Amino acid sequence: MKTNKVRTRFAPSPTGYMHVGNLRTALYAYLIAKHEDGTFILRIEDTDQERYVEGAIDVIYNTMKLTGLNHDEGPDIGGDYGPYVQSERKGMYLEYAKQLVGKGEAYYCFCTKERLDSIKSSSEDSKGISKYDKHCLHLSKEEIEDNLAKGIPYVIRQNNPTAGTTTFDDVIYGTISVDNSDLEDMILIKSDGYPTYNFANVVDDHLMGITHVVRGSEYLSSSPKYNRLYEAFGWEIPVYVHCPPIMKDAQHKLSKRNGDASFEDLMEKGYLKDAVINYIALLGWNPGDNQEIFTLQELVEKFDYKNINKSPAIFDPVKLKWMNGEYIKKLSLEEFNAIAKPYYEAVIKNPNINLLKISELLHTRTEILSDISEKVDFFDELPKYSNELYVHKKMKTTIENSLENLEKVLPVLEAIENWELKTIEDTVLNLVVTLGIKNGQLLWPMRTALSGKAMTPGGAFELADILGKEESVKRIKFGIEQLKNNN
Ligand code: GLU
């Protein structure tokens, strides 16, 4: 019985990392299913045994779990259409390939590598593409049986027509027609007995009842051949949703091989998974209005695959950073403090530093967590800095007046008994008034002496409060000495 329920699948090959493009495919497949209250399936495509990477399947499970793209059926949770790992379905593909051989839609090919290499060089067309010459299509039944009996290695190839056209429809790219003379007799079963992706995807998508095939546009050009397979079997063709490429810039595709970030890299750099999911949802899709921040649930509600764009999407790290900052701002102070903690602890060993107070300063000023460590390292230890740092045109500070003002603030700070933000602030601002100088002329040198940095989270008062009286006084004294020596 045919059900109308939408069934989509994410079908990654275990490569050991989650490319941003793959994650977007997973997300779109998930959203298409969930938008219609349908079923989202995880299938592992591991028929390329040469590319097997230890632990790679765990990367897939972990990513799905972490991002909340929960599948309804899959190798780890089962389902009615298993097994969900292609290597466990190996025997099945051969049977289906044989059915096609029986129908004249596929054939055994015993050609050696040497022969294939020799036709490759002689049969290149103007585009540099060479096609198999159908040599083995013409073997007699006896020759084939004889070769099989002798155990001669073989592959099974699709038998494509050489005249006419094949047409196929994609929701995003529209109707595409290709000349059959361009269709390679692609290999369905390899000499190691495993199916190629080209064959396994069709067989599995059919057997698993997939209604919408969601994948990258790199598969677009092969899709006419997949349609011929569906037709040869007499199977219903699914809805195709090919997603636009994700580009690094106008010319280059985003690729892990080019050193571009994978999902794991982004996590390691301190991006929040929700921000990443939100951002990649917008790589090729928009809701038709100005909304940019979406929870996964909102995406489920709003996502209409018909709005996927066919023009390439540019991965913009600046926008991703901004969006991550927006997600960080939405955290509570305690949540922020908890995720920032490892980045503090990497550089702050002093147990007297109140990390929560640092979080108050950084919470709304942080775009990615990995920036945190270098922003706060000075709390632990004053870095080496040059006196030039005291000189600031806008603040009207010079080496001379910085020294003068630090010398004035030192005894005032030393006299504070109740060392807390408000008292420090009031006391120092009183001094500014008494001296009749501009705020910056005291606060800039004070902050410089306390941090040794031009940019700090928070100003002089906050830093003094967090560092504590003893350390603050020590650093101001050091600043005075350094300015006196003017080196
Ligand atoms: N295993 C293929 C890949 O990882 C999946 C393509 C598809 O979704 O059909 O690229």
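Treat the numbers as computed from the prediction; the structure is a model and nothing was measured. One-based numbering, in listed order, for ligands and for the atoms of each.
At least one heavy atom of Y219 lies less than 4.0 angstrom from ligand 1. Distances from ligand 1 to the non-hydrogen atoms of R9 include at least one value under 4.0 Å.
Less than 4.0 angstrom separates some heavy atom of S13 from each of these atoms of ligand 1: 1 (N), 2 (C), 3 (C), 4 (O).
Here the straight-line distance linking atom NZ of K273 with atom CG of N278 works out to 12.0 Å at 0.5 Å rounding.
In terms of N/O distances under 3.5 Å, ligand 1 is not approached by N201. Ligand 1 has no N or O atom lying under 3.5 Å from any N or O atom of P12, backbone or side chain.
If you check each of H19, R215, E45 against atom 2 (C) of ligand 1, the one with the closest non-hydrogen atom is E45.
Given atom 5 (C) of ligand 1, the protein heavy atom at minimum distance is A11 O, 3.0 Å. At the top of the distance list for atom 7 (C) of ligand 1, counting protein heavy atoms only, stands Y197 OH, 3.2 Å.
Checked against the 6.0 Å centroid threshold, Y96 and W235 count as a close aromatic pair. A distance of 6.0 Å or more separates the ring centres of H71 and F40.
Side-chain N or O atoms of H135 include none that pairs as donor or acceptor with a backbone N or O of F110 at under 3.5 Å. Under a 3.5 Å cut-off, the side chain of N307 and the backbone N or O of W285 do not form any donor-acceptor pair. The main-chain N or O of G104 is found under 3.5 Å from a side-chain atom of N159 such that the two form a donor-acceptor pair.
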